[in-house]
Structure formats: structure tokens, C-alpha cells
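Step one of this worksheet: look at the structure below.
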Amino acid sequence: MLRIIQNKGKKCKYGKLLLYSMLLCFCFSECVFAKSPESSMEKEVENFVQAFFDACSECDIEKINGFYEEENKEMEIRARVDKECGIEEYSIQDMDIYPLEDKQETWLVIVFYELWVEGFEVGLPGMETILVYTVGDNLYLGTPDMIQNNQDLLEQVASVFEEDEVVNKMLECNRKCEDVFMENENLREWLIEVQDKMAEVAAESLLEENMEDADDAAQEETQLKRYIVKEGDCLWRIAEEEMKNGMYWKELYMWNKENIGDDPNLIFPGQELQIPH
């Protein structure tokens with residue numbers, strides 16, 4: 001079911017926005033919601049997003065990259081992990097489209113779906129937040145950086161997630177997900193394995209990129225930052241401070257595993273770590 005959400009002119013206070021695609025979090029300031037563009041374009045956006053999720057269901061990296069202006073490494077990793085972990089289909093259940101005001105036509109799309117996995121007889125409820133924009137006559141998917149680096153878009157997106165209807169639908173999605181987990185504990189374990197696999201593959205990709213860019217040891221040295229562990233530090237805190245996102249702690253661990261050892265929780269004051277860029 002497609003629903004086009006019109007402007008309510010509602011102001012919002014500071015809050016947090018969760019983007020589900022393995023979970024991105026932003027902070028926001030006071031803002032006013034945007035106006036609606038033409039409905040014919042909104043139908044094109046609906047079809048465009050449906051086609052994107054069809055490509056994700058096929059785990060077709062080439063097709064997925066075709067939805068972005070530039071090659072998207074993160075989505076390549078996601079497609080690779082999806083395929084390895086037996087994901088069969090993203091079945092869209094509901095799609096809400098919010099027109100935004102920007103230099104080009106832009107929309108925020110909130111998609112609610114069921115994730116079907118090989119070996120399981122129940123779909124796992126989930127949601128995903130997507131930015132769609134135009135370049136000439138073409139539609140493209142945006143990246144989280146496009147929102148983070150555009151204060152006006154950031155404020156408009158924040159206002160969407162202040163809407164009671166959006167909050168209620170997100171809570172309902174979480175409730176349905178927990179109900180599925182309660183009856184299918186092995187599905188929860190599968191999801192944890194997927195998240196671990198995603199972090200592992202991302203770490204490997206980060207290592208490969210750094211090694212490709214390093215022509216010699218001296219050049220590699222310039223791509224790394226040295227960090228001395230302080231009392232009270234943990235890998236999450238170090239990743240939050242040095243890599244701007246605590247979720248990168250596993251990448252940090254993989255990079256320093258030879259130095260840290262088998263237990264990522266055992267780091268000591270004075271220990272030297274390398275922070276990949």
C-alpha cells in the first residue's frame with residue numbers, strides 16, 4: 001500500500017532518527033516540514049523503490065549499483081552477506097513517501113517489509129528509510145552522508161520522524177518483530193549471525209581498500225592513526241571518538257586483532273592501536 005504524506009507544518013525539537021539498514025543514528029535541530037511535489041513523480045518513486053527491493057531480493061550487485069549515481073561499496077557488502085546468509089526476498093508491505101524541499105526534487109521513503117529467509121517459514125518484519133532524488137530525468141538513491149551533510153534535509157527528515165503516525169508504525173514494526181523472535185528464537189540467532197558477518201565483511205573490505213591504496217610501508221603509515229589506550233577505554237568508545245561511529249568497533253578490532261588477541265574486551269592502558277581511515 002502506497003501512501004503520500006502531505007505537509008503538516010509541524011515543528012520538532014531535538015531528537016534521534018533511526019535509519020534501519022543495519023541502523024544509522026543522527027541528531028537533529030528545530031525544523032519545519034516540506035511541501036509535496038507532483039503525484040506523477042511520486043508514482044515513479046514508488047516503482048523505483050520497488051525495483052530496488054526486487055534487486056536486493058536477487059542479491060544482484062550490478063543491478064543494485066545501478067540505483068546509485070556512484071558505486072556503493074556498503075550495498076555491495078550487504079548484497080554479498082544477504083546471499084551468503086540465505087535471504088530470499090524483501091516483501092514490501094507498506095510504503096510511505098514524504099516530499100522534501102531541496103535543490104532537486106527529493107523524497108524520503110519509509111518502507112515496511114517482511115524479510116524471508118531460506119529455512120524459515122515466517123517473514124521477519126523490518127523497515128528501511130531511503131532518500132530518493134532526481135538528476136535530470138533520472139532517479140537515484142541517496143546515501144546517509146547526503147542527509148548528514150545537508151542541514152536543511154536533516155531538519156526535514158527529523159520532522160518526519162516526529163510525526164505520531166510514523167512513531168506508531170515504527171513501534172508496531174518493532175512489536176511484530178519481537179513477536180516473531182519470541183516464537184522463533186533461532187531466527188533471532190540467525191539475525192545476530194548476519195550482523196556479525198556484516199561487520200566481518202566490512203572489516204575485510206576496509207583492510208583491502210587500505211592495502212590497495214598503500215604502495216609501500218611509508219604510504220601505509222600515512223593512512224593510519226596511532227592511538228594509545230587510556231584507562232577506562234573500550235573498543236566501542238575508541239571507535240566512537242576516532243572513527244565517528246561506535247558500531248565500527250569490530251572493524252577496529254579486526255585491524256588490531258594480532259595486537260589485541262582473541263578477546264576484544266581485553267585492552268590495556270598504554271597499548272598502541274592503529275586507527276584505519
Side-chain angles (χ1 to χ4, degrees), residues 17-26 37 41-42 44-84 87 90 92 95 97-111 113 127-157 197-215 219-220 222-224 239 243-245 247-248 251 255 275-277:
L17 161 67
L18 282 179
L19 302 182
Y20 173 53
S21 202
M22 305 284 174
L23 309 176
L24 297 171
C25 187
F26 305 107
M41 283 301 300
E42 291 159 352
E44 288 190 37
V45 170
E46 176 195 8
N47 294 336
F48 178 76
V49 172
Q50 179 65 64
F52 169 69
F53 275 87
D54 289 344
C56 290
S57 297
E58 297 169 11
C59 302
D60 190 318
I61 294 175
E62 185 175 352
K63 282 186 180 179
I64 291 171
N65 267 325
F67 288 87
Y68 295 89
E69 276 196 275
E70 299 178 355
E71 189 176 87
N72 190 311
K73 290 291 185 182
E74 291 183 3
M75 287 306 303
E76 288 183 13
I77 291 172
R78 172 174 165 176
R80 173 183 162 187
V81 173
D82 280 0
K83 188 172 184 178
E84 291 180 4
I87 288 179
Y90 290 87
I92 294 179
M95 187 188 306
I97 299 178
Y98 297 80
L100 305 178
E101 288 183 344
D102 198 27
K103 290 178 292 186
Q104 66 261 12
E105 288 185 292
T106 307
W107 300 266
L108 180 73
V109 185
I110 303 178
V111 181
Y113 57 80
M127 65 160 286
E128 195 136 355
T129 304
I130 296 175
L131 192 70
V132 179
Y133 65 97
T134 58
V135 176
D137 295 330
N138 298 318
L139 290 172
Y140 291 102
L141 292 180
T143 61
D145 286 345
M146 289 183 63
I147 298 177
Q148 288 179 301
N149 298 330
N150 186 324
Q151 184 62 31
D152 184 54
L153 279 182
L154 195 63
E155 292 175 351
Q156 292 181 63
V157 170
K197 182 67 175 178
M198 190 79 73
E200 179 184 338
V201 173
E204 291 173 356
S205 177
L206 185 61
L207 284 170
E208 289 173 4
E209 288 180 16
N210 278 279
M211 294 305 295
E212 287 173 2
D213 292 340
D215 295 328
Q219 182 178 351
E220 182 177 336
T222 65
Q223 295 177 339
L224 299 175
M243 303 172 71
K244 309 306 180 186
N245 191 331
M247 294 180 69
Y248 289 138
E251 286 86 336
W255 188 270
I275 309 296
H277 293 285

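Below, each value reflects all heavy atoms present in this structure, side chains not excepted, and no hydrogens, waters or symmetry copies.
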By side chain to side chain donor-acceptor pair (under 3.5 Å), which residues pair with N65, not counting sequence neighbours?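 Side chain to side chain donor-acceptor pair (under 3.5 Å) list for N65, sorted by chain: E76.
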Output all residues satisfying side chain to side chain donor-acceptor pair (under 3.5 Å) with E44, sequence neighbours left out; order by chain, then residue number.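 Listed in chain order: nothing, the list is empty.
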Find out whether [X] and [Y] are in side-chain contact, i.e. whether some heavy atom of one side chain is under 4.5 Å from a heavy atom of the other.
X    : Y    : answer
F48  : V109 : no
L139 : W107 : yes
L141 : V132 : yes

Between E74 and R78, is the closest basic N to carboxylate O distance under 4.0 Å?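 Here R78 does not pair with E74 in a salt bridge, since their nearest N and O are not under 4.0 Å apart.
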Nearest non-hydrogen partners of [X] and [Y], listed with the distance:
X    : Y    : result
I64  : M75  : CG2-CB, 3.8 Å
C59  : I87  : SG-O, 4.3 Å
A239 : Y248 : CB-C, 3.9 Å

More than 12 heavy atoms of other groups within 6.0 Å of E70 CD: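 12 or below, so no.
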Side-chain donor-acceptor contact under 3.5 Å, E46 with Q50: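 Note: E46 and Q50 side chains miss the donor-acceptor criterion.
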With sequence neighbours left out, write down each residue that passes ring-ring contact (aromatic ring centres under 6.0 Å, His included) with F52, or none if nothing qualifies.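 Checked F52 against ring-ring contact (aromatic ring centres under 6.0 Å, His included); matches are F67.
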Which pairs, with at least one residue in residues 48-64 and sequence neighbours excluded, count as a salt bridge (Lys or Arg N to Asp or Glu O under 4.0 Å)?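 Residue pairs passing salt bridge (Lys or Arg N to Asp or Glu O under 4.0 Å), neighbours aside: E58-K63.
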Ring pair (Phe, Tyr, Trp, His ring centres under 6.0 Å) contacts touching residues 131-153 (sequence neighbours left out):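 Pairs touching residues 131-153 that pass the test: none.
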What pairs with N150 under side chain to side chain contact (heavy atoms under 4.5 Å, CB included), at least two apart in sequence or on another chain?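 For N150 the side chain to side chain contact (heavy atoms under 4.5 Å, CB included) partners, ignoring immediate neighbours, are D102, D152, L153.
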